[in-house]
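The structure appears right after this line, and notes come after that.
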Amino acid sequence: MIRLLAILLVFALGAGCAHTKKKSDLETLRPVVESFHQRVRWKDYRIAARIIVPERRQDFERARREKQDERDLSITDYEIEEVEVVEEGQRAIITSRIKWMRLPSISEQSETVTSEFIYREGKWMLEKQSGGPFDGEIP
């Protein structure tokens, strides 16, 4: 609960420093970040891919099919730890802790994941991600 309040405070402070137009743009970031995490957690990769920048969507979807993630990947938990908005509100760096298992391994892995979202064409999109089960796939 405390982390959620801290995240909300970060969003409020970041939005308070931005121009009026940017304030509404920043308020749309949190639901997009949450949606991506939830979609991949529940193996809804087709919808999760819509949050990724268009030039990387097909590679993401192809990797899910090739690795048989519908069957083999289980994201057991995620927690958003930090949000940093940069470049005058046009880019956000999200730090998350993600726990997952990918068969045939039965060991749960836990890793810090850094995701970069950009504000493009009136919406937030995932541009880059490092760490976690998709490391190297959204370069």
Say you draw a straight line from OG of S130 to CD1 of I138; how long is it, rounded to the nearest 0.5 Å?
10.5 Å
Just verifying a value: how many Å separate I94 CD1 and R30 CZ, rounded to the nearest 0.5 Å?
11.5 Å
Check W100 against E111 and note the closest heavy-atom contact, atom names and distance.
CH2-OE1, 3.2 Å
Within the 4.5 Å heavy-atom criterion, are T112 and T95 side-chain neighbours or not?
yes
One should read off an interatomic distance between M125 CE and I51 CD1, to the nearest 0.5 angstrom, of 11.0 Å
Determine whether more than 12 heavy atoms belonging to other residues, nucleotides or ligands lie under 6.0 Å from atom NZ of K43.
yes
Side chains of P54 and R120, heavy atoms from C-beta outward: is any pair under 4.5 Å?
yes
Closest heavy-atom pair and its distance - R57, R50:
NH2-O, 3.0 Å
Got V33 and I80 here, is their nearest side-chain heavy-atom distance under 4.5 Å?
yes
Validate the cation-pi geometry between R62 and F60: distance from NZ or CZ to the six-membered ring centre under 6.0 Å, angle to the ring axis within 45°.
no
Any chance CD of Q109 has more than 12 other-residue heavy atoms, nucleotides or ligands included, within less than 6.0 Å?
yes
Report yes if the side chains of S110 and I98 come closer than 4.5 Å at any heavy-atom pair, otherwise no.
no
With distance as the sole test, does Y45 use its side chain to make a donor-acceptor pair with the main-chain N or O of A48 at under 3.5 Å?
no
What class does the angle between the rings of F134 and F36 fall in, given that below 30° is parallel, 30 to 60° is tilted and above 60° is perpendicular?
perpendicular
Taking the six-membered ring for Trp, are Y119 and W124 ring centroids under 6.0 Å apart?
yes
Go through it in stages, so that I can follow the logic: the residues are V83 and L29, the test is side-chain contact (heavy atoms from CB on, under 4.5 Å), and I'd like the CA-CA distance, side-chain angles, deciding distance and then a yes or no.
CA-CA 10 Å; V83 176; L29 175 61; 4.2 Å; yes
Find out whether V53 and L126 are in side-chain contact, i.e. whether some heavy atom of one side chain is under 4.5 Å from a heavy atom of the other.
no
If you measure only the distance, is there a donor-acceptor pair under 3.5 Å linking the side chains of S115 and Q129?
yes
For M101 against E108, the heavy-atom pair lying closest together:
CG-CA, 3.5 Å
Using only heavy-atom distances, determine whether the side chains of Y78 and E34 contain a donor-acceptor pair under 3.5 Å.
yes
Without swapping roles, check the side chain of R64 against the backbone of D69 for a donor-acceptor pair under 3.5 Å.
no
Under the 3.5 angstrom rule, does the side chain of S105 hit a backbone N or O of S107 as a donor-acceptor pair?
yes
Could you tell me if the side chain of R56 sits less than 4.5 Å from the side chain of E127, heavy atoms only?
yes
Test side chain to side chain donor-acceptor pair (under 3.5 Å) on R41 and Q38; report intermediate values, then the result.
CA-CA 5 Å; R41 182 175 186 184; Q38 289 174 6; over 6 Å; no
Considering only heavy atoms from C-beta outward, does the side chain of S96 approach that of E79 to under 4.5 Å?
no
Find the distance between CD (E137) and CD1 (I52) and round it off to the nearest 0.5 Å.
9.0 Å
For E61 and R46, run salt bridge (charged side-chain N to carboxylate O under 4.0 Å, His left out): C-alpha distance rounded to whole Å, both residues' side-chain angles, the deciding distance at 0.1 Å, then the answer.
CA-CA 7 Å; E61 291 178 307; R46 187 175 48 83; over 6 Å; no
